[in-house]
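First the structure, in the form of structure tokens, and then the observations on it.
The model shown is predicted, which means the values in this text are computed figures rather than measured ones.
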Amino acid sequence: MELEQFAMFEENYNKDVKEAQFQTEAQFSFDKGTSVLCFRISVDMSAMDKPLAKIVLKSFFEIHPDSLKLLLKEDKIVFPPVPLV
């Protein structure tokens, strides 16, 4: 797992605010040349429409050629709803 970005916005912190909002985003990409799947997730924390923190993490997974053949469906890669072992 790789840390792509991390930021804290201390100037926006207010100890009187009792609630914070979190927004998450997940992205997947696949490099056919290297058979590497990239998973990227970002989490944004804010309060009263002001950013408090942001973190972005990436993970890379190499997919074995035999497994890749099982995932190909009509020239598209389709991942089953169960984890690959």
Fill in: Student check: side-chain heavy atoms of Gln5 and Ile55 closer than 4.5 Å
no
Discussion item. Which heavy atom of Thr34 sits nearest to which heavy atom of Glu62, and what is that distance?
Written reply: O-CG, 4.4 Å
Worksheet item: Step by step, would you call Ile63 with Phe30 a side-chain contact (heavy atoms from CB on, under 4.5 Å)?
Response: CA-CA 10 Å; Ile63 300 178; Phe30 183 71; 3.8 Å; yes
Discussion item. If you count heavy atoms of other groups shown closer than 6.0 angstrom to CG of Asp66, is the number above 12?
Written reply: yes
Item to complete: Find the distance between CG (Leu68) and OG (Ser35) and round it off to the nearest 0.5 Å.
Response: 5.0 Å
Fill in: Verdict with supporting geometry, Glu25 and Gln27, side-chain hydrogen bond (donor to acceptor under 3.5 Å, both in side chains)
CA-CA 7 Å; Glu25 181 181 333; Gln27 298 174 331; 2.8 Å; yes
Practice prompt. Spell out, yes or no, whether Leu3 and Phe22 are grouped together once hydrophobic residues are joined by side-chain heavy atoms under 4.5 Å, including indirect joins.
Written response: yes
Worksheet item: Can you find a pair of side-chain heavy atoms, one from Ile41 and one from Val56, that are under 4.5 Å apart?
Response: no
Worksheet, complete the sentence: For Ala47 and Glu19 the tightest heavy-atom approach is CB-O, 3.7 Å
Discussion item. Within this structure, what is the CG-CD distance for the pair Asp44 and Gln21, rounded to the nearest 0.5 Å?
Written reply: 11.5 Å
Fill in: Atom pair CE/NZ of Met45 and Lys50 - distance to nearest 0.5 Å
14.0 Å
Worksheet item: side-chain contact (heavy atoms from CB on, under 4.5 Å) between Lys58 and Cys38: does it pass, once the steps are laid out?
Response: CA-CA 7 Å; Lys58 286 202 280 193; Cys38 176; 4.0 Å; yes
Practice prompt. May I have the step-by-step check of side-chain contact (heavy atoms from CB on, under 4.5 Å) for Leu57 and Glu2, ending in yes or no?
Written response: CA-CA 6 Å; Leu57 299 168; Glu2 177 182 307; over 6 Å; no
Practice prompt. State whether the side chain of Asn12 and the backbone N or O of Pro51 hold a donor-acceptor pair below 3.5 Å, judged by distance alone.
Written response: yes
Worksheet item: Could you give all pairs that pass the ring pair (Phe, Tyr, Trp, His ring centres under 6.0 Å) test and reach residues 34-66, with sequence neighbours left out?
Response: Phe28-Phe39
Worksheet item: Going from CD on Glu11 to CE on Met8, what distance comes out if it is rounded to the nearest 0.5 angstrom?
Response: 10.5 Å
